[in-house]
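Pasting a structure here, questions to come.
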Amino acid sequence: MPRPSLFGLLLVAPALALVAALFLWPLGYSLMAAFTLNGEFSLAHFRKAFELYSTDIVFTLLIIGLSTLLIALLSIAIAGILTLSETGWLVAVLKQLYRWPLFIPFIVAGQCMRTFLAKNGMMNNTLVSLGVLDPSMTTSFLDWRGIVITFVWKQAPFVILMLAGAMASIDRSTIEAGRNLGASRLRCLIEIVLPQVGQTLLVALVLSFVTMLSVLSVPMMVAGSQPTMLTVDMAFRINAYGDYPTANALGVVSYGITAIVAWVYLRHNLRQHEAQAR
Amino acid sequence: MTAARALPATLAKIGALALFAFAIFGPLTNLALWSVAERWYTPFKLPVTYGLRYWEVVFRPTGDAMASLMTSVWIALLTVAVSLALAIPAGYALARLKLPLRAAIMILFLLPQAFPSVAIYINVAKLFYQIGLTGTVAGVVLVHAAHGLVYSVWIAAAAFAAVDRDLELAARNMGASPLRTFFTITLPLALPGIIASAIFVFLESLDEFTGTFFVGVPQVSTLPLLLYNASMGGNYQIASITALILLVPSVLFMLFVERFLRADVLSKVGH
């Protein structure tokens with residue numbers, strides 16, 4: 001093993017400087033702006049933020065929580081079919097289908113859904129044409145439901161990709177053993193496959209959760225009205241009032257939400273390590 | 001299973017697949033229809049008149065859209081250049097040299113991606129305003145490069161780590177200088193992974209909305225900003241065509257991603 005390398009640090013320094021200038025500095029600034037008033041420590045900006053936007057904070061948590069839950073269920077179902085199905089053509093077609101939204105930008109997904117989910121959009125039109133829905137019963141989905149649908153549409157492929165990859169690499173013989181003992185495929189999925197890929201599922205869901213928390217374009221494009229998500233409120237405070245303190249207080253709230261998720265992840269990780277050590 | 005029982009099961013599977021396909025492709029089809037709809041209004045389920053009039057508007061050499069496309073591609077290329085200039089030395093050091101706090105350095109590159117970005121960008125915009133970087137291409141490039149650094153550095157580090165050390169040692173034994181070894185052995189062998197990271201960074205920059213929204217306005221207009229403004233202004237045709245332009249590289253990448261990133265490099269990402 002060579003000694004700690006000064007040359008190595010020199011090579012990393014420019015990249016680190018960029019992160020320091022464009023991430024650490026603004027992060028420190030946002031904390032300072034949120035917690036000080038006239039140069040002294042104060043929680044006044046948080047009081048204002050909660051007074052004006054407590055509904056939106058709850059709304060943001062509910063939207064992203066619900067989206068994460070739906071993404072988890074859908075991903076388990078589809079990755080499960082990809083791993084356990086015995087119908088070859090079904091797996092082949094599904095594999096080609098599910099990945100399409102993977103690299104589609106959020107803003108493009110937002111524009112797609114803005115037309116697809118509208119009162120006169122393709123979703124309602126198709127349902128009416130098929131006779132599932134009466135024309136008088138159609139409603140626009142461009143509200144919280146639209147945001148959830150867009151998030152699930154965009155993020156589920158990523159979680160499925162990771163989960164199906166993890167499921168493909170587990171020991172097939174455990175599944176075969178379960179099947180031979182007469183367990184149904186659903187039971188195999190829940191009791192044999194899922195426990196072995198829990199870690200991957202958690203990582204993918206945490207990444208999705210934080211990604212959705214940062215998205216500005218989807219809530220702006222898919223649901224214009226109140227209540228809305230914290231990202232939109234922050235942009236509004238800045239663009240309409242130049243109100244940095246309140247915007248930064250909302251920013252700190254979003255850091256807090258991220259911290260809770262990171263804590264859940266780390267705690268789970270720690271327990272896993274302890275279980276392995278035993 | 002008998003044929004009589006297999007048929008309903010097969011039909012159910014086909015039905016479920018059709019529903020799934022509609023959920024995936026319905027929104028994309030709706031987008032494509034809007035791009036060729038010259039007139040489309042309630043209660044018509046399909047466009048009233050079709051045509052390529054708006055495509056002509058978008059691709060008119062003097063139009064806003066062409067200018068935005070050029071700006072977007074130019075910014076993405078500069079972002080790739082900046083990220084590679086930073087990531088190749090950093091990735092090499094992380095893969096080959098002994099660094100103090102190596103794990104912490106790796107995490108630091110991840111943080112700009114893992115943090116709620118809006119709260120960061122509003123303060124970057126304020127900083128840039130003080131030093132005259134808001135509304136400039138250079139400002140937007142810096143923001144995009146910082147955001148993409150996790151891909152470029154992590155993948156470059158993985159690509160360098162996957163290079164066989166014996167080959168480097170052989171070159172050194174035959175008298176090649178360290179620099180020559182790097183440029184004739186290490187870099188060419190790591191190149192596929194580095195190209196993959198460059199494509200990642202290029203796409204991230206091309207699609208980036210939030211940072212440009214805060215830092216680039218009002219002078220720098222990229223395709224995502226054009227899309228947003230057209231859509232909010234109710235001009236669905238222009239918005240849809242812009243969205244389709246942004247879709248092409250994303251879908252191509254989705255189809256070919258596995259060729260760019262080999263498994264031996266992928267397995268080392270983040271280590």
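The shown structure was predicted, so the numbers you read here are calculated from the model rather than taken from an experiment.
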| message | Can you tell me if A:K95 has over 12 outside heavy atoms packed within less than 6.0 Å of its NZ? | response | no
| What pair of heavy atoms forms the shortest contact from B:L97 to A:G8, and how long is it? |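 So the two residues come closest at CD1-CA, 3.5 Å.
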| message | Taking every non-hydrogen pair under 4.5 Å, which of B:P27, B:S250, B:G26 racks up the most with chain A? | response |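 Looking at each of B:P27, B:S250, B:G26 in turn, B:P27 comes out on top.
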| message | In the structure I gave you, are the side-chain heavy atoms of B:F213 and A:N239 within less than 4.5 Å of one another anywhere? | response | yes
| Among A:L10, A:N125, A:L102, which residue forms the greatest number of heavy-atom pairs with chain B at distances under 4.5 Å? |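 Between A:L10, A:N125, A:L102, the count favours A:N125.
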| message | I'd like to know whether A:M221 forms a side chain to side chain contact (heavy atoms under 4.5 Å, CB included) with B:L227, so could you lay out the CA-CA distance, the side-chain angles of the two residues, the decisive distance to 0.1 Å, and finally the verdict. | response | CA-CA 10 Å; A:M221 292 178 78; B:L227 196 176; 3.9 Å; yes
| task | Could you tell me which of B:F214, B:Y236, B:F128, B:Y121 has the largest number of non-hydrogen atom pairs under 4.5 Å with chain A? | result | B:Y236
| said: Heavy-atom pairs under 4.5 Å with chain A: which of B:P224, B:P89, B:A146 has the most? | reply: B:P89
| message | Taking side chain as everything from C-beta outward and backbone as N, CA, C, O, which of these in A:I238 sits under 4.5 Å from a heavy atom of chain B? Side chain, backbone, both or neither. | response | side chain
| note | Given B:A90, B:S231, B:A243, the one with more heavy-atom pairs under 4.5 angstrom with chain A than any other is B:S231
| Considering only heavy atoms from C-beta outward, does the side chain of A:V12 approach that of B:F109 to under 4.5 Å? | yes
What donor-acceptor contacts under 3.5 angstrom involve side-chain atoms of residues 203-219 of chain A, with partners at least two apart or in another chain?
residue : atom : partner : partner atom : Å
A:S208  : OG   : A:Q155  : NE2          : 3.0
A:S208  : OG   : A:A204  : O            : 3.2
A:T211  : OG1  : A:L207  : O            : 2.7
A:S214  : OG   : A:V210  : O            : 3.2
A:S214  : OG   : B:F115  : O            : 3.4
A:S214  : OG   : B:S117  : N            : 3.4

| request: Side chain from CB out, backbone as N, CA, C, O: work out which of these in A:Y244 comes under 4.5 Å of a heavy atom of chain B, or both, or neither. | output: side chain
| Residue pairs passing the salt bridge (charged side-chain N to carboxylate O under 4.0 Å, His left out) test where at least one lies in residues 241-258 of chain A, sequence neighbours excluded |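 Residue pairs with at least one partner in residues 241-258 of chain A: A:K48-A:D243, A:R237-A:D243.
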| Measuring heavy-atom distances to chain A, does B:L33 have an atom under 4.5 Å in its side chain, in its backbone, in both, or in neither? |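 It is the side chain, since no backbone atom gets that close.
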| query | Which pair of heavy atoms, one from B:L86 and one from A:A15, lies closest together, and at what distance? | reply |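 Nearest pair, atom of B:L86 first, then A:A15: CD2-N, 3.8 Å.
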| Would a 4.5 Å heavy-atom cut-off, applied to side chains only, mark A:M122 and B:L46 as touching? | no
| field | Residue A:P14 versus chain B: region with a heavy atom under 4.5 Å | value | both
| query | Does any heavy atom of chain A fall under 4.5 Å from the side chain of B:I122, the backbone, both, or neither of them? | reply | both
| request: Select, from A:I257, A:N124, A:L24, A:L9, the one with the greatest count of heavy-atom pairs under 4.5 Å involving chain B. | output: A:L9
| Between B:L127 and A:A21, which heavy-atom pair has the shortest distance, and what is it? |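 Reported closest heavy-atom pair: CD2-O, 4.0 Å.
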| said: Looking at A:Y29, I'd like to know if the NZ or CZ of B:K126 sits under 6.0 Å from its six-membered ring centre while staying within 45 degrees of the ring's axis. | reply: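 Here B:K126 fails the 6.0 Å and 45° test against A:Y29.
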| said: Within the 4.5 Å heavy-atom criterion, are A:L22 and B:P112 side-chain neighbours or not? | reply: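 No; the side chains remain at least 4.5 Å from each other.
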| query | Looking at A:L117, A:V252, A:T126, A:L250, which one has more heavy-atom pairs under 4.5 Å with chain B than the rest? | reply |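 Of A:L117, A:V252, A:T126, A:L250, A:T126 has the most heavy-atom pairs under 4.5 Å with chain B.
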| field | Min side-chain heavy-atom separation A:Y255-B:I120 under 4.5 Å | value | yes
| request: Kindly determine whether B:Y228 and A:M220 satisfy side chain to side chain contact (heavy atoms under 4.5 Å, CB included), including the steps that lead there. | output: CA-CA 9 Å; B:Y228 173 73; A:M220 283 203 298; 3.4 Å; yes
| Over 12 non-hydrogen atoms of neighbours within 6.0 angstrom of CG in B:L101 | no
| Which atom of A:P105 lies closest to which atom of B:D207, heavy atoms considered | CG-CG, 3.2 Å
| field | Contact summary for A:S30 and B:N123, nearest pair of heavy atoms | value | CB-ND2, 3.0 Å
| Would you find a donor on one side and an acceptor on the other, under 3.5 Å apart, between the side chain of B:W34 and the backbone of A:T115? | no
| request: Give, as side chain, backbone, both or neither, the part of A:T231 having an atom under 4.5 angstrom from any heavy atom of chain B. | output: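 Backbone plus side chain of A:T231, per the 4.5 Å heavy-atom cut-off to chain B.
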| said: So which atom in A:W153 and which in B:A23 form the shortest heavy-atom distance, rounded to 0.1 Å? | reply: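 Heavy-atom minimum between the residues: NE1-O, 2.9 Å.
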| Side chain proximity check, A:W89 to B:T10, heavy atoms < 4.5 angstrom | yes
| query | Any side-chain heavy-atom pair from A:F23 and B:V124 closer than 4.5 angstrom? | reply | no
| query | Are A:F116 and B:F22 close enough that their ring centres sit under 6.0 Å apart? | reply |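 That pair passes the under 6.0 Å test.
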| message | Quick check on B:V251 against chain A: is it the side chain, the backbone, both or neither that has a heavy atom closer than 4.5 Å? | response |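 B:V251 touches chain A through side-chain heavy atoms alone.
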